[in-house]
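So the structure is just underneath, and the comments pick up after that.
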Amino acid sequence: ESRSDLLTYIKHTRPDPQLPQDPYATIYQTTRLSRVLCDALQKVTEGEVLYLLVSAPPQHGKTEILTRRFLPWYAGRFPFRHIMFGTYSQDLANVVGDEVRTIIKSPEHAQVFPGFQLRPGSKSKEYMVTEQGGKLSFLGRGGAGTGKPADLFVIDDPIKDSIEAESSTIREQVWQWFTKVVFTRCHAASAIVVVQTRWHEDDLIGRLTDKTNPNYNEEIAKKFVYVNIPAMIDTEPMAKALKCKVGDSLWPERFPPKHLETARMLNPLGFNALYMGRPTPPEGAFFKRDHFIGYKRSELPKNLRYYLSGDLALSPERDRDKSCVGLWGLDEHDDLWLLPNLLWDHKAADDVVEDLIQYGKDYPI
């Protein structure tokens, strides 16, 4: 059963030391995330999905499933295939390689795949060869993997933390590495799996799936299956898929709703990105959607005090932030009117200054 089912394999390779004779006794705790992620990886293995993107919250066990268990299981099923694994640093890639090798050499793995072995002398943490000619390579972001083709390329968290995520240079490095290294190691039948915690709207998943991202390509996006697994279940389709209720948490034993609500209150924007997989929340942290009331131009009061606000970006490049300038009017009842003269575009600083001057001429600010 473990040969054909990933979740069963995970439980089998995490046996209960108190019950060594019971093949079904395990210390692994099956969670809602493990069922969804294992099902998605199963479909990749069976050839039903070729390109898979998954966003999942931190500390929910995705790395345990993806790297420590899926890679040895996939290698056991296909010992002749070439597998590549990538993450944000070579040091971490080496740690993963060491853990994968330990599991491959475990008696539990040998019970499931008795004919699977690594070639003698294949002791490197970053490169292993099976007796059947398959290969396992482990590289950090930016690593070339030159001369090493991939039948399966797995990426786990290409961005390390919020500091890296806020760097446009690092985000571009991730994109260049994915397009110039990862994809070039693959052939037409190669599977690609990306599992990550979302840190930024312009991360790898964002560039591949977000229609508003400058790097978005509709034809490429169609090739990827994207699964977002939020820490807090907030939609009926997700609740139905996980067989729970809206408002339940993904892992209630470890992250109950009250704990997640505390995380939300501490950092609403960070919570939406890390825990909900939505770096761009449906509404801001300060101005809520229900604060805004639509109006017709004819309803705009005549006697307004005008104010100008701006968030200016320095670069006009298409992959940079846009400049935003809003013209506001305050009426006698202290109601604030946002005028239709909203500027939101990629513009050079001097062009934006000209717009500001023109606003000053048109409205007595």
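Since this is a predicted model, take the numbers as computed values, not measurements. Position 1 is the first residue of the sequence; numbering continues from there.
Sorted by first and then second residue, the ring-ring contact (aromatic ring centres under 6.0 Å, His included) pairs involving residues 185-238 (not counting sequence neighbours) are Tyr51-Phe224.
The environment of CG in Leu266 is crowded: more than 12 heavy-atom neighbours from other residues, nucleotides or ligands sit within 6.0 Å. Other residues, nucleotides and ligands place no more than 12 heavy atoms under 6.0 Å from the CD atom of Gln59. Shown here is Tyr295, whose OH atom has more than 12 heavy atoms of other residues, nucleotides or ligands within 6.0 Å. For CG of Asp22, the number of neighbouring non-hydrogen atoms (other residues, nucleotides, ligands) closer than 6.0 Å is greater than 12.
Grouping Ile, Leu, Val, Met, Phe, Trp and Tyr residues whose side-chain heavy atoms lie under 4.5 Å apart, directly or via other members, places Ile357 in a hydrophobic cluster with Val353.
Not one N or O on the side chain of Arg81 forms a donor-acceptor pair closer than 3.5 Å with the backbone of Gly134. The closest donor-acceptor contact from the side chain of Asp161 to the backbone of Glu164 lies under 3.5 Å. Remark: side-chain polar atoms of Asp157 are paired, donor with acceptor, to backbone N or O of Thr197 under 3.5 angstrom.
Separating the CZ atom in Phe183 from the CZ atom in Phe153 is a distance of 12.0 Å, to the nearest 0.5 Å.
Taking a cutoff of 4.0 Å between a charged side-chain nitrogen and a carboxylate oxygen, Arg171 and Asp203 do not qualify as a salt bridge. Under the 4.0 Å criterion applied to side-chain N and carboxylate O atoms, Arg35 and Asp39 are not assigned as salt-bridge partners.
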Side chains of residues 11-20: which donor-acceptor pairs under 3.5 Å do they make with residues two or more places apart or in other chains?
residue: His12; atom: NE2; partner: Gln111; partner atom: OE1; Å: 3.0
residue: Thr13; atom: OG1; partner: Tyr9; partner atom: O; Å: 2.9
residue: Thr13; atom: OG1; partner: Ile10; partner atom: O; Å: 3.2
residue: Thr13; atom: OG1; partner: Arg69; partner atom: NH1; Å: 3.1
residue: Arg14; atom: NH1; partner: Glu64; partner atom: OE2; Å: 3.3
residue: Asp16; atom: OD1; partner: Gln18; partner atom: N; Å: 2.9

Would you give me the side-chain donor-acceptor pairs under 3.5 Å for residues 92-100, sequence neighbours excluded?
residue: Asn94; atom: OD1; partner: Gln90; partner atom: NE2; Å: 2.9
residue: Asn94; atom: ND2; partner: Gln90; partner atom: O; Å: 3.4
residue: Asp98; atom: OD1; partner: Arg101; partner atom: NH2; Å: 2.8
residue: Glu99; atom: OE1; partner: Arg68; partner atom: NE; Å: 2.8
residue: Glu99; atom: OE2; partner: Arg68; partner atom: NE; Å: 3.4

Determine all donor-acceptor pairs shorter than 3.5 Å in which one atom belongs to a side chain in residues 252-263; sequence neighbours excluded.
residue: Glu261; atom: OE1; partner: Arg264; partner atom: NE; Å: 3.3
residue: Thr262; atom: OG1; partner: Lys258; partner atom: O; Å: 3.1

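His82 pairs by the side chain to side chain donor-acceptor pair (under 3.5 Å) definition with nothing, not counting sequence neighbours.
Nearest heavy-atom pair, Ser55 versus Arg198, reported as atom, atom and distance to 0.1 Å: CB-CG, 3.7 Å.
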Q | Working for side chain to side chain donor-acceptor pair (under 3.5 Å), residues Thr87 and Asp156 | A | CA-CA 5 Å; Thr87 187; Asp156 181 31; 5.2 Å; no

